Amino acid sequence: MRLRTPFAMTALAAGLLSAAQVNADSVDLTMYYPVAVGGALTDVVDNLVEEFESEYPDINVEAIYAGNYDDTRVRAMSAMEAGDTPQLSVMFSIDLYELIEQNAIVAFDDLIETDEERDWLDSFYPGLMENGQLDGKTYGIPFQRSTIVLFWNKDAFEAAGLDPETPPENWEQMAEMAATVREASGGDQWGVMVPSTGYPYWMFQAFAFQNGHRLMSEDGTEVYFDDPAAVEALEYWVSLTTEHNAMPDGTIEWGTLRQNFLEESTAMMWHTTGNLTAVRSEADFDFGVAMLPMKTQRGSPTGGGNFYIFEDTTQEEQRAAMTFIRWMTAPERAAAWSIETGYMGVSPAAYETDALQSYVEEFAPAAVARDQLEHGTAELSTYQGGRIRRALDNAVQAALTGQMTPQEALSQAQQEADSVLRRYAR
């Protein structure tokens, strides 16, 4: 008979594994995960896995970096189709409908067995759970989660005669401040950059929501891309270039924008809070972080990745995967992950830890994304999500590059989305 390790005794007492599992051979887990921001996140993940395995020697986790979010989804689903299903993965929170439609994942509600586990499931910020729940069940657990925030270069503001401690509160101020920076620099520095590759739909959703408009229905069967409020939002984005000369024309690369900001090519940028720690460590100028400016209301969609557990795995593997996910999302780890990366602590308890309380006290920008949750909305997520987002991405880029007017581009995206979603109408 296999001797019970200290992990096994602890896990048995905590209800994480059954007695039969404790006596079994060790459980091997494969996890795919993405990286969509700067910094050595693979090292952070590897260190966390190593720490977990030292505490839980009966569970072995092979954490495989799989590229960006789209790459990770493709790789995980390809492995599943090839009969080599991973036990768990971190994937886009907005992959939910596609994963459910393919019967790929299990609901955590069907795995929990104790009141303690139920309390854990209920411990996360509700705003981060929206993209992980459907029909009253939870399929995704928040991990590397974010909102879009405004980074601004205080030195550039001061050089342009602006108050370096006062970021723009609304669209009008952002356009004016950005134009002022551009003019004061003699054309050497842009006022603002908003990325339009990678995840242009995400940025556009923020503009639309700030104009009081939601892009999709709660059940993922309808989208509202060509609403007048959405068109006005895209017109404003375009106007930052065409009317205010505050932003470069054409597309702005997601992957290089952080470096553009660090090199002071732009005084402001919209980007994920997941870049916060990298910017802090690399910037040689004073910068600030603020909630996004508003039109009729403040707001940002949430973003980032959730943990999922796959269906085509054994009950023992699923329980071990949940043990790992619980460990990774415990307040202490969530706090450490936030400090290391800039991603949000995914639960209120994470911000109550000594570590994150001290960090926020020392570095106030670390709380901006959390505070913005009060003004957040679920990220664009529908059935056939990849096709729907691609239609919107193309529309945004067509408008920004002058190929179409915002009205024409969004009308075309709406038609494409309607044709895809028609069969899901309820």
Side-chain angles (χ1 to χ4, degrees), residues 36-39 41 44 48 93 122-131 141-154 157 163-170 173-174 202-203 206 209-210 258 261-262 267-283 285-294 297-306 328-379:
V37 298
L41 265 65
V44 177
L48 285 168
S93 64
D122 293 337
S123 68
F124 301 96
Y125 281 110
L128 297 179
M129 297 297 283
E130 289 183 87
N131 283 119
I141 298 297
F143 176 52
Q144 51 188 59
R145 297 302 303 275
S146 59
T147 63
I148 307 164
V149 293
L150 173 77
F151 294 79
W152 86 95
N153 182 328
K154 294 184 179 182
F157 269 42
D163 182 352
E165 301 302 325
T166 304
E169 286 282 321
N170 54 51
Q173 288 179 3
M174 187 174 78
W202 196 37
M203 299 293 150
F209 189 65
Q210 290 154 18
R258 178 176 63 88
F261 182 70
L262 291 171
M268 290 182 279
M269 71 169 179
W270 289 28
H271 223 302
T272 169
T273 188
N275 265 322
L276 180 58
T277 300
V279 170
R280 186 188 189 195
S281 65
E282 297 176 33
F285 53 85
D286 195 10
F287 74 94
V289 179
M291 297 186 199
L292 296 180
M294 63 182 289
Q297 64 181 24
R298 284 202 178 278
S300 168
T302 59
N306 283 346
M328 287 286 282
T329 57
E332 298 79 11
R333 252 77 61 190
W337 175 254
S338 181
I339 293 168
E340 288 276 0
T341 64
Y343 281 112
M344 297 174 56
V346 291
S347 65
Y351 288 91
E352 294 169 2
T353 61
D354 291 341
L356 200 46
Q357 280 186 338
S358 298
Y359 187 65
V360 168
E361 184 175 345
E362 170 200 352
F363 184 53
V368 172
R370 176 203 64 185
D371 295 343
Q372 193 169 232
L373 266 184
E374 181 182 346
H375 311 285
T377 187
E379 187 174 0

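Please read these numbers as outputs of a predicted model, since none were measured by experiment.
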Flag side-chain contact, heavy atom, 4.5 Å: Q297 against F209: yes

Any donor-acceptor N/O pair, E332 side chain to T353 backbone, under 3.5 Å: no

Any side-chain heavy-atom pair of L292 and Q210 under 4.5 Å: yes

Pairwise side-chain contact, E379 with S93, heavy-atom cut-off 4.5 Å (strictly under): yes

Interatomic distance, L150 atom CG to M269 atom CE [nearest 0.5 angstrom]: 9.0 Å

Donor-acceptor contact below 3.5 Å, side chain S338 vs main chain Y343: yes

Donor-acceptor contact present, side-chain T277 to main-chain I339, <3.5 Å: yes

D354 CG: over 12 foreign heavy atoms closer than 6.0 Å: no

Side-chain donor or acceptor of T302 paired with backbone N/O of A378 under 3.5 Å: no

Separation between OG1 of T273 and CD of Q372, rounded to the nearest 0.5 Å: 9.0 Å

Exercise: identify the closest heavy-atom pair between I148 and S300: N-OG, 3.0 Å

Short side-chain to backbone donor-acceptor contact, S358 and A355, under 3.5 Å: no

Spatial distance of atom CE (M291) from atom CG (L373) [nearest 0.5 Å]: 9.5 Å

Where F261 and V279 come nearest, the two heavy atoms and their spacing: CE2-CG1, 4.1 Å

Separation of N170 CG from R298 CZ (nearest 0.5 Å): 9.0 Å

Approximate separation, where rounding is to 0.5 Å, of R258 CZ and L276 CG: 11.5 Å

Side chain to side chain contact (heavy atoms under 4.5 Å, CB included) assessment of Q144 paired with V346: CA-CA 8 Å; Q144 51 188 59; V346 291; over 6 Å; no

Validation row: L48, E340 side chains within 4.5 angstrom (heavy atoms): no

Closest non-hydrogen atom pair, T329 against P142: CG2-O, 3.5 Å

Side-chain donor or acceptor of D286 paired with backbone N/O of K154 under 3.5 Å: no

Note, E352 side chain near P331 side chain (heavy atom, < 4.5 Å): no

Student check: side-chain heavy atoms of W337 and V44 closer than 4.5 Å: yes

Which atom of A350 lies closest to which atom of G345, heavy atoms considered: CB-CA, 4.1 Å

Closest non-hydrogen atom pair, G304 against S146: N-OG, 3.9 Å

Test item: N153 and F287 side chains (from C-beta on) under 4.5 Å apart, heavy atoms: no

Minimum heavy-atom distance W270-A206, with the two atoms named: CZ3-CB, 4.0 Å

Spacing of CE belonging to M344 relative to OG1 belonging to T147, to within rounding of 0.5 Å: 6.0 Å

